[in-house]
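Proteins come first, then strands; the chains are lettered A, B, ... in the order of their sequence lines, and each starts at number 1. None of these values were measured; they are calculated from a predicted model.
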Number of protein chains: 2
Amino acid sequence: MNKAVSRRPESPQPQTMVQSVIADVLRHIHERQLKVGDTVPSEGEFGQQLGVSRTVMREAFKALAAMNIIEVHAGRKARVKAFDSTLMALTLSHGLHTEQLTVQQLWDVRRSMEMRTVVLACMHRSEAVAAALLELTERMRATHNDVAAMTEHDIAFHEEIAKATRNPLFPVLVSSLTQAMRETNPIVWRSRTRSEEQLKVVDWHRDIAEAIRDQDPGRAMEAMSLHFDEALRGLVLSGFN
Amino acid sequence: MNKAVSRRPESPQPQTMVQSVIADVLRHIHERQLKVGDTVPSEGEFGQQLGVSRTVMREAFKALAAMNIIEVHAGRKARVKAFDSTLMALTLSHGLHTEQLTVQQLWDVRRSMEMRTVVLACMHRSEAVAAALLELTERMRATHNDVAAMTEHDIAFHEEIAKATRNPLFPVLVSSLTQAMRETNPIVWRSRTRSEEQLKVVDWHRDIAEAIRDQDPGRAMEAMSLHFDEALRGLVLSGFN
DNA sequence: AATCCCAAACCTATAATACAGGTTGACACA
DNA sequence: TGTGTCAACCTGTATTATAGGTTTGGGATT
């Protein structure tokens, strides 16, 4: 375990050329009002315009790719990328691993988000969404003794609700916030040994799905609230803080 | 305006060595349970262990730095970095610029988040926080005819509430979600030409601060809800969709 | 024994050159 | 008009070099 905590005040760091180029590329994208899928000038072109080496350009492009600003493929010019949940999910997973936050804290944020998404889903859901949510609860019921499979349906359930909000930001956030279930559910499931307990989890989800089908925001919020109360109880009993 | 939309199906992309190394470094951090501030092996060491060139290591380290996983400084080994709001704020700003989402959508997410943070702030606030919030509303009042300065106090107000939740994730999210105000407020403020209108904005914030001071979640939620209703109206009147 | 200083070793930042393989667009041919 | 070929362009990886910042260990001094 490394313990290299610095005992000296940190000197202000000069802006590196890579950092400067990252900002230049972002400015280029925004000034020209580029959209998702539009090409960005190549490493070579940018390098010439900005008067920097290929090394600096490559490093800046890799950083921009890591930030999901551009996507880069061999032989093709980089293009503006659509944002997705991967980056934030990784940040949250890293935050949990490095003990910057706890599962309960993550769940509290999830809860406040999903109390809103479930209301919006009641208002905006299509018939297909209503059917899909009920189908997902049936799949959860059918797989309740295979925690990995059930977790995937559970995650899909919450993502489907977020998509039904018709606000593109909610699916990204909810998806990011739910990935941790892949790590927590197997452990929580060990404390739910009896079939009735496992099936109760499914019931909470079915109640939510029915409220959304019936377009009843009050019932949906109640059902989601109960679901989160019980999920939090499960986490606590399993030793998650 | 570039219009390079690909007309061919995209072939599956092989994993590059840089991507592979990014995953290796993340695994290293998590397997050794490194914490914020702990050093990571140098580019040279990792390059030797993984059998890759310095170029690949540098590019991977830059990507990890861009993701706020590590911080990198000349002459020192990289270290595990604390997460902060900068990355997500940049993603959201980029999303707005590239028309992947709208200001109203961003505000809706903000609203659901802040309806929760204000309740938690009532429960967890210290005397210092209560005083700071009231002070910030006074500063907003004193600067109501300088929109840039007032915006900074406004942002600080919301960030202070998020910090009072004692959940480290809320300040990150709220801070990320509020940075856009630097762009929207100057435009919205043009539609609030009369002093009384401007001061009403300050009143909403003061009402929130007073409810938090009085530890009254119901009043706090009402005041926050009114604030967001009115802020949304201002956005709509200013042409933001 | 504790502290300070300095040089060597180590560290990242940038540049240049080379080779490799993938993609695109223009041109020729059927 | 559709297909194949090839040159130009594109990113991926490696190596070597120079520059400046940081850390560490050994020796000198108090």
Side-chain angles (χ1 to χ4, degrees), chain A residues 2-25 28 37-81, chain B residues 2-25 28 37-81:
Chain A
N2 284 1
K3 275 290 179 188
V5 178
S6 174
R7 287 146 305 182
R8 310 182 207 192
E10 307 227 344
S11 48
Q13 300 301 322
Q15 174 108 340
T16 64
M17 294 189 68
V18 172
Q19 285 164 337
S20 178
V21 167
I22 290 169
D24 288 335
V25 175
H28 177 100
D38 291 347
T39 59
V40 165
S42 67
E43 289 171 9
E45 280 180 67
F46 258 128
Q48 279 192 346
Q49 286 170 33
L50 301 174
V52 296
S53 71
R54 191 164 169 227
T55 305
V56 170
M57 278 315 312
R58 293 193 56 75
E59 289 175 19
F61 265 34
K62 286 297 187 297
L64 287 159
M67 293 191 279
N68 276 348
I69 302 293
I70 60 174
E71 55 186 345
V72 178
H73 302 284
R76 313 175 65 166
K77 288 189 180 185
R79 291 186 283 177
V80 177
K81 186 172 186 305
Chain B
N2 284 0
K3 274 292 181 186
V5 178
S6 172
R7 287 147 303 181
R8 309 184 207 193
E10 308 225 342
S11 49
Q13 302 300 320
Q15 176 108 339
T16 64
M17 296 190 65
V18 172
Q19 285 164 337
S20 177
V21 166
I22 290 168
D24 288 335
V25 175
H28 176 100
D38 291 348
T39 59
V40 165
S42 67
E43 288 169 12
E45 280 180 66
F46 259 128
Q48 278 192 347
Q49 285 171 33
L50 302 174
V52 296
S53 73
R54 189 159 172 231
T55 304
V56 169
M57 278 314 313
R58 293 195 58 76
E59 290 176 16
F61 265 35
K62 287 298 185 295
L64 287 159
M67 294 193 279
N68 276 348
I69 303 293
I70 60 173
E71 56 187 341
V72 177
H73 302 285
R76 314 175 63 165
K77 287 188 178 182
R79 293 187 284 180
V80 178
K81 187 170 185 311

So, for B:Pro41 and B:His28, which heavy atoms are closest and what is the spacing to 0.1 Å?
CD-NE2, 3.4 Å
Contacts of A:Thr16 meeting side-chain hydrogen bond (donor to acceptor under 3.5 Å, both in side chains) (sequence neighbours excluded), chain-then-number -> A:Gln19
Contact pattern, 5' to 3', of nucleotides 9-14 of chain C - B, S or - by protein heavy atom under 4.0 Å
--BBBB
For residues 43-50 of chain B, please give each side-chain donor-acceptor pair under 3.5 Å, one per line with the distance, not counting sequence neighbours.
residue, atom, partner, partner atom, Å
B:Glu43, OE1, B:Arg54, NE, 3.2
B:Glu43, OE1, B:Arg58, NH1, 3.2
B:Glu43, OE2, B:Arg58, NH1, 2.8
B:Glu45, OE2, B:Lys77, NZ, 3.4

Nearest whole angstrom, please: distance from the P of D:dA14 to the CD of B:Gln48.
14 Å
Separation of B:Ile22 atom CD1 from D:dG12 atom C1', in whole Å?
13 Å
Without decimals, in angstroms, what is the distance between B:Leu50 CG and D:dT13 P?
13 Å
Taking only residues two or more places apart in sequence or in another chain, which ones pass side-chain contact (heavy atoms from CB on, under 4.5 Å) with B:Met17?
B:Val52, B:Val56
Output every pair passing ring pair (Phe, Tyr, Trp, His ring centres under 6.0 Å) with a member in residues 53-72 of chain A, not counting sequence neighbours, ordered by first then second residue.
none
